[in-house]
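Start at 1 and go down the list; that is how both ligands and their atoms are numbered.
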Amino acid sequence: MELDRSDDEILSGEYGETRRVMLEILIALGKIYDAERLIPVSSVQVSGASYKTIGDAGLEWLEGLDARAVVPAFLNPIGMPREQWSEMGIDATFAEKQEEILNAYQRLGIRLTCTCTPYYHQIVQYGDHLAWSESSAVAYANSVIGARTNREGGPSALASALIGKTPEYGLHIMKNRLPDLIITLDDPAAAKDWGPAEYGALGYVAGKEVGNRVPFFRGLRPNRDRLKALGAAMAATGAVALFHVEDITPEARVPFFKTSFPVDEKETIEIAVSDVNAVFSEIEVNAVAVGCPHLSEDELRTVADLLSGKKVKKPFFVFVSEEMMNDHRDLITMIDRSGAHVYADTCMVVSPATDTLGSVMTNSGKAFSYLPAMCGVVPRLGTIEDCVRVATE
Ligand code: F3S
């Protein structure tokens, strides 16, 4: 692989053992995927931040590292809200370990912004090269913004934060971003009134068909929140890191894309609206959780409006980034008044608090997919309106 002088200096150990090892990680990754060189990244998102997922072994590894991030770098959600962890039912031993993980990342120069929606708070532009690791954030950055990132593992993302580069392969290369197949609905008109929950259900169904390929949707007109829900669910049931929607997502509109993608010659999968509707159910649940991925401003406002003047009778959890919480205190107060809880830094999947709930209703296709496997709870999918109705009736 082509390396420059600064890479050679890092490899010689001139900038410390941690940087040397981190560059070795990136070079090894590049060799696996036949990358010709390393390219600079403008931001990094590091997963592996919850004590629930990395445990003592991960903490020990982090504490042994000694270097500072050279590009803006931030974290995926952790296992608890940094402020209200005891209110959420997190035990003190877990909280102590989680704090140690945060301290380790802070010492490495990683910002303690713990969210899967960094794109609401960082300037990320079309064509930017990133090294992000949370699957829904990767799908959003690639598809909705037109930035370029592979789905990094925790160690490779951290290596990119400390070196400022990533190997140039996969979705960093334009020809790999062209679609592999087309997806249509058997009744496109049915999608006209779909909200994020229905798009999440579509993603839940489509992800299983698509695997790790790049799909091109035709006949849909989703806005950004719906695209977010679609991509998050497809990344969960498949390994979709990039998708396009005809005339909607940015790369689907550029001339290179249009001339390089012969629509009529591609495999087409038609998804039945009845299969999307079948993801929804009516089972009894013990709790409701929304905010997977963390809510946008519009989504937060919708939740606040729907809960306004009502009282929840079941535990109702709302997950957002810390910045969203701080920027919209009025909406948080409206939600608090209903008895629902708004938590930052964490989520229903990476927090151990969900593991004891038994059954949970959510409006997220991604959470619907992850809750059984990662938290051992029975999930129910519903629209945000249904979530509020079930929690308050
Ligand atoms: Fe985000 Fe947690 Fe969902 S990290 S995408 S809220 S599983």
Side-chain angles (χ1 to χ4, degrees), residues 45-54 74-82 88 90 98 101 112-122 132-144 149 151-154 157 196-197 199-201 203-204 207 224-241 287-296 299-300 303 316-325 341-355 357 360-377 379 381 384 387:
Q45 186 216 23
V46 181
S47 63
S50 170
Y51 181 61
K52 176 176 168 178
T53 51
I54 69 167
F74 33 84
L75 291 175
N76 204 36
I78 55 173
M80 63 183 201
R82 285 162 65 199
M88 200 178 173
I90 303 292
Q98 186 64 76
I101 290 171
L112 303 189
T113 298
C114 309
T115 182
C116 49
T117 54
Y119 39 83
Y120 293 147
H121 314 293
Q122 308 277 324
W132 285 13
S133 53
E134 197 282 317
S135 64
S136 75
V138 166
Y140 193 97
N142 277 319
S143 317
V144 184
T149 178
R151 182 175 170 179
E152 300 292 341
Y199 271 96
Y204 181 87
R224 288 196 154 209
D225 287 338
R226 289 156 178 76
L227 290 167
K228 179 176 78 165
L230 174 66
M234 280 197 293
T237 58
V240 176
V288 174
V290 302
C292 172
H294 283 171
L295 299 182
S296 68
E299 291 171 321
L300 182 63
V303 175
F316 192 115
F317 303 102
V318 180
F319 296 99
V320 293
S321 64
E322 187 187 21
E323 286 84 349
M324 195 64 76
M325 191 178 226
H341 303 279
V342 186
Y343 292 125
D345 309 319
T346 187
C347 84
M348 61 191 89
V349 170
V350 298
S351 169
T354 313
D355 302 0
L357 293 174
V360 174
M361 183 169 183
T362 180
N363 65 337
S364 159
K366 172 172 178 174
F368 180 78
S369 167
Y370 273 21
L371 283 171
M374 292 191 65
C375 306
V377 304
L381 185 70
I384 185 61
C387 286

Atoms of ligand 1 under 4.0 Å from any heavy atom of Val349, numbered from 1 in the order shown, are 7 (S)
Does at least one non-hydrogen atom of Ala232 fall below 4.0 angstrom from an atom of ligand 1? no
Nearest non-hydrogen protein atom to atom 1 (Fe) of ligand 1, with distance, is Cys116 SG, 2.3 Å
Do Tyr120 and Ser296 touch side chain to side chain, with heavy atoms closer than 4.5 Å? yes
Identify, for atom 3 (Fe) of ligand 1, the protein heavy atom at the shortest distance, and state residue, atom and that distance. Cys292 SG, 2.3 Å
The atoms of ligand 1 lying under 4.0 Å from a heavy atom of Ser136, numbered in the order shown, are 5 (S)
If we only count heavy atoms from C-beta on, is the Glu322 to Thr115 side-chain gap below 4.5 Å? no
Heavy-atom contacts under 4.0 Å between Lys366 and ligand 1: side chain, backbone, both, or neither? side chain
Proximal atoms of ligand 1 relative to Gly291 (non-hydrogen, under 4.0 Å): 6 (S)
Thr362 side chain vs Ala289 backbone, donor-acceptor pair below 3.5 Å: yes
Aromatic plane relationship, Tyr119 with Trp132 - under 30° parallel, 30 to 60° tilted, over 60° perpendicular: parallel
Modelled atom types, side-chain donor and acceptor of Thr113 and His121, under 3.5 Å: no
Option with minimal heavy-atom separation from atom 4 (S) of ligand 1, where the choices are Ala139, Pro77, Ala137, Ala236: Pro77
Look at atom 6 (S) of ligand 1 and find which of Ser364, Ser135, Cys347 reaches it with the closest heavy atom. Cys347
For the side chain of Lys52 and the backbone of Val349, is there at least one donor-acceptor N/O pair under 3.5 Å apart? yes
List every atom of ligand 1 that sits less than 4.0 Å from any heavy atom of Glu134, numbering the atoms from 1 in the order shown and giving each element. 5 (S)
When you compare the side chain of Tyr199 with that of Leu227, does any pair of heavy atoms fall below 4.5 Å? no
